[in-house]
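Hydrogens, waters and symmetry mates are skipped; everything else that's a heavy atom, side chains included, is used. The model shown is predicted, which means the values in this text are computed figures rather than measured ones. Residue numbers run from 1 in the order of the sequence given.
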Amino acid sequence: DSLEGDEITTGDYDEYRYGFGLGGPIIKDKLFFFAAYEKLEGANLFDRGPIGSGAVNEVNITQAEVDEIAAIARDIYGYDPGEIPSSFDNEDEKILVKLDWNITDDHRASFTYNWNDGFNISQSDGDSDELEFSNHLYERGAELTAYVGSLYSDWTDNFSTEIRVGYSELDNRQNSVGGTDFGEITIETDDVDVYLGGDDSRQANKLYYETFNLALKGFYTAGAHNFSFGYEQESLDVFNLFVQHVETEIDFDRNPNTV
């Protein structure tokens with residue numbers, strides 16, 4: 001690859017997308033199914049690196065300085081900060097299953113199951129005067145599971161009903177790539193702030209919720225008039241945690257006399 005005549009390094013990565021869909025009768029004229037699966041295996045690319053790295057955006061710090069910071073972290077503090085990242089794998093996976101049941105000529109039921117789990121790897125501190133080791137990046141992902149069941153009934157030529165029940169849960173995650181046992185460390189050089197350890201905003205960051213839906217509906221036709229009535233309920237249960245600096249944040253100032 002090249003940009004304005006300069007060679008750049010984008011990192012090695014592959015991307016694959018695949019899936020399938022399959023449907024048909026389980027019981028002739030009575031019970032039908034449809035199932036689908038889809039998956040993406042891709043990569044997030046990162047464009048920063050030290051001087052001479054070939055990155056799209058080279059920040060004003062040398063590879064020797066980066067190596068020295070990594071060596072101090074490993075040899076003195078016993079912590080491996082990872083590397084300066086150029087790419088990271090990501091994924092997205094989906095499953096859909098649907099059943100349709102013709103119980104009788106007047107009553108029909110359906111059931112749908114949805115599942116999705118996916119994530120990307122994101123930068124924590126991405127300004128042009130900042131550089132972070134790979135363990136300071138974080139996974140931003142979520143797992144969704146949902147179920148919906150419906151029953152449709154024609155009681156007379158004029159009166160029909162619908163019953164629908166739904167449940168879903170979402171587990172939203174923001175996890176530091178290198179874990180949070182080692183807090184966020186910032187090393188200030190003359191022109192660049194270098195980050196390692198678990199990002200301070202990911203050290204206690206969790207969102208989870210459950211949703212329940214119930215709908216009871218009736219429809220009645222009287223001559224030229226249509227009437228509808230019913231009851232609907234939705235409940236939401238949420239757990240939301242966000243606390244910064246749980247595992248500490250330490251800044252090493254460019255002035256050697258301060259921390």
N/O donor-acceptor pairs under 3.5 Å from side chains in residues 18-34, not counting sequence neighbours:
residue	atom	partner	partner atom	Å
Tyr18	OH	Glu41	OE2	3.0
Lys30	NZ	Asn102	O	3.4
Lys30	NZ	Ile103	O	2.8

Is it the case that the side chain of [X] and the backbone of [Y] share a donor-acceptor pair, with hydrogens and angles ignored and the cut-off at 3.5 Å?
X      : Y      : value
Asn44  : Ile121 : yes
Thr156 : Asn158 : yes
Thr180 : Gly198 : no
Ser134 : Glu83  : yes

For Arg108, all residues meeting salt bridge (Lys or Arg N to Asp or Glu O under 4.0 Å), sequence neighbours excluded: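 So Arg108 forms a salt bridge (Lys or Arg N to Asp or Glu O under 4.0 Å) with Asp154.
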
Salt bridge (Lys or Arg N to Asp or Glu O under 4.0 Å) partners of Glu132, counting only residues at least two apart: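 Salt bridge (Lys or Arg N to Asp or Glu O under 4.0 Å) list for Glu132, sorted by chain: Arg48.
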
Search all heavy atoms of [X] against all heavy atoms of [Y] and return the closest pair with its distance.
X      : Y      : value
Asp89  : Phe119 : O-CE1, 3.4 Å
Thr211 : Asn213 : CG2-OD1, 3.6 Å
Asn135 : Gly82  : ND2-N, 3.9 Å
Val246 : Gln203 : N-OE1, 3.0 Å
Glu58  : Ser53  : OE2-N, 3.4 Å
Pro81  : Leu196 : CB-CB, 3.9 Å

Salt-bridge contact Arg202-Glu139 (side-chain N to carboxylate O under 4.0 Å):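 Salt bridge flag = no for Glu139 with Arg202.
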
Lys/Arg-Asp/Glu bridge criterion (N-O < 4.0 Å) met for Lys98, Asp100: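 Judged by the 4.0 Å cut-off on N to carboxylate O distance, Lys98 and Asp100 do form a salt bridge.
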
Aromatic plane relationship, Phe182 with Tyr79 - under 30° parallel, 30 to 60° tilted, over 60° perpendicular: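 Correct class here is parallel.
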
Asn240 atom CG: more than 12 heavy-atom contacts under 6.0 Å: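 Check passes, neighbour count above 12.
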
Under the ring-ring contact (aromatic ring centres under 6.0 Å, His included) test, residues paired with Phe88 that sit two or more places apart: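 Here no residue qualifies.
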
Derivation and outcome, side-chain contact (heavy atoms from CB on, under 4.5 Å), residues Arg173 and Tyr208: CA-CA 8 Å; Arg173 56 188 183 271; Tyr208 176 87; over 6 Å; no

From CA spacing to verdict: side-chain contact (heavy atoms from CB on, under 4.5 Å), Glu232, Lys217: CA-CA 8 Å; Glu232 290 195 36; Lys217 299 180 181 181; 3.3 Å; yes

Distance-only side-chain donor-acceptor flag, Glu184 / Tyr195, under 3.5 Å: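 Result is no, nothing qualifies.
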
Any donor-acceptor N or O pair under 3.5 Å, side chains Asp251, Thr186: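 Yes.
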
Could you go through residues 59-67 and list every donor-acceptor pair under 3.5 Å that involves a side-chain atom there, pairing it with any protein atom two or more places apart or in another chain?
residue	atom	partner	partner atom	Å
Asn60	ND2	Asp191	OD2	2.7
Thr62	OG1	Glu65	N	3.1
Thr62	OG1	Glu65	OE1	3.2
Gln63	NE2	Asp67	OD1	2.8
Glu65	OE1	Thr62	N	2.9

From Asn120 atom CG to Arg140 atom CZ, the distance as rounded to the nearest 0.5 Å: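 Between Asn120 CG and Arg140 CZ, I get 8.5 Å after rounding to 0.5 Å.
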
Identify all side-chain donor-acceptor contacts of residues 220-228 below 3.5 Å with residues at least two apart in sequence or on another chain.
residue	atom	partner	partner atom	Å
Thr221	OG1	Asn226	OD1	3.2

Single-linkage hydrophobic cluster Leu236~Tyr167, side-chain heavy atoms < 4.5 angstrom: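 In one cluster: no.
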
